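Working notes, beginning with the structure itself.
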Amino acid sequence: MHHDEILGLLHYLVAPGEEASLLWAGRWELAFWALVLAITALLALTRPAWLIRAEDGFRRISQHRGACVWTIGGAAIAIRTMLLPLIPVPVPVMLDEFSYLLGADTFASGRLTNPPHPMWIHFESFNINMHPTYQSMYPPGQSMVLALGEKLTGEPWVGVLLSVAVMCAVFCWMLQGWMAPQWALLGGIYAVARYGIFSYWINSYWGGAVAATGGALLLGSLARLRHRLSWQQSIVFALGLVILANSRPFEGLLFALPLGLAVVWLVVRSGLPRRHLLMQVVIPGMVLLGLGLAWMLYYNWRGTGNAFEMPYTVNQATYHISKPFLFQKPYPIPAYNNPQMRTFYVFHEYPDLLRSRTGWGLEILMAQKFFCYYVALVWPLLLVFVPGLLLAARSAELRVVLLAIILVLLGLTAQLWPAHGHYAAPAAGAVLLILLNALRQLQNASRGSWLPWFRRAIVLGLFVWMLVPISDRIWNPYPLDDPGGHGSVPKEIDRERLQAQLNRLPGQHLVLVHYDVRDVPSKEWVYNRADIDNSKIVWARDMGVQSNQELLRYFANRRVWYVDRSSGSVVVPYATSMALTHPADRLLPGAR
């Protein structure tokens with residue numbers, strides 16, 4: 001979660017380094033509530049009739065439940081598509097994104113994984129397995145939606161767009177099971193504005209929407225199973241479990257555990273005949289769960305050779321020093337094949353482990369986690385969310401939802417990794433449900449009270465907040481400025497620029513990337529498509545004059561280029577670079 005997603009132009013007023021502080025977030029939340037109080041006073045004094053009429057019309061529209069669900073999904077697609085001139089298709093930035101894109105390219109090619117490449121040591125990169133097969137280390141859910149976009153249009157980001165649209169629609173459907181339809185429609189609109197326009201969930205390839213959809217399916221089906229046990233909702237609940245297991249399995253398990261126990265309790269206490277329960281509820285869901293489990297075991301077997309070993313665990317044991325949880329002892333430092341891999345894991349990942357073993361480091365980590373999940377899921381409604389938690393604790397229906405949120409939060413707290421908003425994605429729908437339930441309670445206030453106007457002021461204040469990022473994009477459509485004041489063009493944009501240049505040239509290309517010894521490659525360049533040999537551009541590591549020769553011989557028919565990330569990122573012919581940096585080797589065979 002990035003601060004400029006929620007504040008737009010306001011982030012230019014933030015001092016460098018302050019944007020990731022609780023003080024910063026709390027200060028702007030207080031500013032939001034000051035705006036709400038001002039709007040409340042204005043509404044209470046003027047009592048505008050047009051606002052009452054608008055509410056009545058909104059309530060009538062919300063009665064068309066199915067149409068509202070479809071409209072929310074369509075609106076997410078339409079609004080984000082219309083904003084493409086201001087917010088273009090995103091460029092992959094983070095290590096995880098390239099890994100998901102490799103998985104997408106693999107699935108779009110009709111394969112579950114790829115055979116290891118003979119020259120794999122030159123292509124070794126982060127969050128990717130090179131052995132026993134060449135594949136993404138992550139569960140396949142996010143890559144599958146990217147593959148859908150790539151297959152349909154040739155653009156993986158279309159899969160992101162569709163997944164976010166489905167998530168927003170499912171949020172609306174889920175909320176319809178818990179509250180009046182006008183509140184469900186309001187929640188769907190909020191989801192479109194919050195996640196479907198400016199959030200990195202839609203403006204990157206990192207994910208979030210897939211797992212959030214799985215969590216919302218669980219909540220929506222549970223709400224309906226409370227009223228009537230049916231095979232349809234049993235299948236929906238099982239589908240949510242399968243989606244969570246293939247997107248965020250750990251957090252998904254924690255979120256699903258109390259909800260699953262609640263479903264079991266509903267079945268046990270229903271009093272229906274056992275045969276009816278088996279045929280109409282238990283067996284349909286179990287069949288889908290069985291198919292999902294079989295798929296996961298087969299996917300693991302194809303990727304790792306062991307049905308019970310995930311690609312994630314293979315990557316952990318091969319490259320990582322730190323294990324996922326705070327209480328785990330680290331791995332021995334592996335013998336890396338190239339210095340960039342060692343530099344990253346030793347100087348980027350390992351310090352987090354060392355800091356977490358100290359009191360001050362653990363305190364900083366916990367503060368960062370709280371800040372991240374607060375800003376990603378709650379801000380600027382903490383003053384609504386806290387009462388909402390208390391209301392949920394006193395509600396027999398919502399208590400299980402509160403327990404699911406708490407379990408996810410505890411699991412995220414136990415993780416060593418610095419927090420990112422999409423880690424909590426399974427609980428996103430539950431947080432929205434808690435927020436809307438708290439706002440709904442204000443509707444029960446007497447007609448002469450100021451509380452109904454306060455509730456309306458919150459909605460209007462959120463609407464004003466949603467306009468701020470739009471003005472930001474109009475003012476600065478392509479924000480290349482660095483809020484930290486470093487003034488450099490981001491490396492990921494430089495990589496995309498070089499790729500675009502080479503794509504315009506005829507033939508196939510091999511790019512050898514050189515790294516400075518002080519370069520910690522958290523923004524990596526050496527990533528390739530699933531079919532490396534048939535790719536127009538192949539990115540490889542500069543491993544020294546002698547080691548490069550086997551790669552040059554293997555790709556004898558390609559034009560070979562050289563780029564030094566630390567010296568302006570200018571791509572030059574490999575032979576020229578050798579003449580400049582290694583005069584004695586300027587006549588190397590294969591250098592051209």
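A quick note: this is a predicted structure, and the numbers were derived from the prediction, not measured.
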- Quick one: does Arg565's side chain get under 4.5 Å of Asp516's, heavy atoms only? no

- Query: Would His422 and Tyr200 count as having a side-chain donor-acceptor pair, cut-off 3.5 Å?
  - Reply: yes

- Item | Listed partners of Asp533 passing salt bridge (Lys or Arg N to Asp or Glu O under 4.0 Å), at least two apart | none

- Message: Classify the ring geometry of Tyr423 against His420: parallel below 30°, tilted from 30° to 60°, perpendicular beyond 60°.
- Response: perpendicular

- Note on the structure: Nearest heavy-atom contact between Tyr299 and Pro311 is CE2-CG, 4.2 Å

- Task: Please determine, by modelled atom types, if Tyr527 and Glu97 share a side-chain donor-acceptor pair under 3.5 angstrom.
- Result: no

- Query: When rounded to the nearest 0.5 angstrom, what is the spacing between CG in Leu51 and CG in Leu43?
  - Reply: 6.0 Å

- Non-hydrogen side-chain atoms of Ile39 and Trp453 separated by less than 4.5 Å: no

- Do Arg541 and Glu524 sit within salt-bridge range, that is, some charged N less than 4.0 Å from a carboxylate O? yes

- Message: Checking Glu150 now: which residues fulfil salt bridge (Lys or Arg N to Asp or Glu O under 4.0 Å) with it, not counting sequence neighbours?
- Response: Arg529

- Query: With side chains defined as the heavy atoms from C-beta onward, is the minimum distance between Ile128 and Leu102 less than 4.5 Å?
  - Reply: yes

- Task: Report yes or no: is the cationic atom of Arg53 (NZ for Lys, CZ for Arg) under 6.0 Å from the centre of the six-membered ring of Trp50, at an angle within 45° of the ring normal?
- Result: no

- Do Leu162 and Val145 come within less than 4.5 Å of each other through their side chains, counting heavy atoms only? no

- Worked check of side-chain hydrogen bond (donor to acceptor under 3.5 Å, both in side chains) between Tyr373 and Gln368: CA-CA 9 Å; Tyr373 299 124; Gln368 188 267 343; over 6 Å; no

- Item | Reported OH-to-CH2 distance for the pair Tyr100 and Trp206, which is rounded to 0.5 angstrom | 9.5 Å

- Query: Can you check whether His117 and Tyr134 have ring centres sitting under 6.0 Å from each other?
  - Reply: no

- Taking atom OG of Ser125 and atom CZ of Phe344, what is their separation to the nearest 0.5 Å? 9.5 Å

- On a heavy-atom basis, the closest approach of Met179 and Asn437 is CE-N, 3.9 Å

- Query: Is there a donor-acceptor contact under 3.5 Å from the side chain of Asn528 to the main chain of Trp539?
  - Reply: yes

- Out of curiosity, Gln501 CD to Arg504 CZ, how far, rounded to the nearest 0.5 Å? 6.0 Å

- Spacing of CG belonging to Leu175 relative to CG belonging to Leu433, to within rounding of 0.5 Å: 6.0 Å

- With a 4.5 Å heavy-atom cut-off, do Val560 and Phe555 have their side chains touching? no

- Query: Where do Val192 and Ala76 come nearest, in terms of heavy atoms and distance?
  - Reply: CG1-CA, 4.0 Å

- Task: Give a yes or no answer on whether the side chain of Arg558 reaches the backbone of Leu510 with a donor-acceptor pair at less than 3.5 Å.
- Result: no

- Query: Any Lys/Arg nitrogen of Arg456 or Glu55 sitting under 4.0 Å from an Asp/Glu carboxylate oxygen of the other?
  - Reply: yes

- Message: Tell me if a side-chain donor or acceptor on Lys369 pairs with a main-chain N or O of Trp417 at a distance below 3.5 Å.
- Response: yes

- Task: Please confirm whether the backbone N or O of Trp201 pairs with a side-chain atom of Ser204, one donor and one acceptor, at under 3.5 Å?
- Result: no

- Note on the structure: In short, side-chain hydrogen bond (donor to acceptor under 3.5 Å, both in side chains) pairs touching residues 153-180 with sequence neighbours left out are none

- Query: In Å, rounded to the nearest 0.5 Å, how long is the span from CH2 of Trp561 to NE2 of His509?
  - Reply: 7.0 Å

- Item | Check: Ser136 main-chain N/O paired with Asn127 side-chain donor or acceptor under 3.5 Å | no

- Flag for Gln415-Glu251: side-chain donor and acceptor within less than 3.5 Å: yes

- When you look at Trp295 and Asn246, which way does the side-chain hydrogen bond (donor to acceptor under 3.5 Å, both in side chains) test go after all the steps? CA-CA 10 Å; Trp295 147 257; Asn246 285 278; 3.2 Å; yes

- Does a side-chain heavy-atom distance below 4.5 Å link Phe58 with Leu186? yes

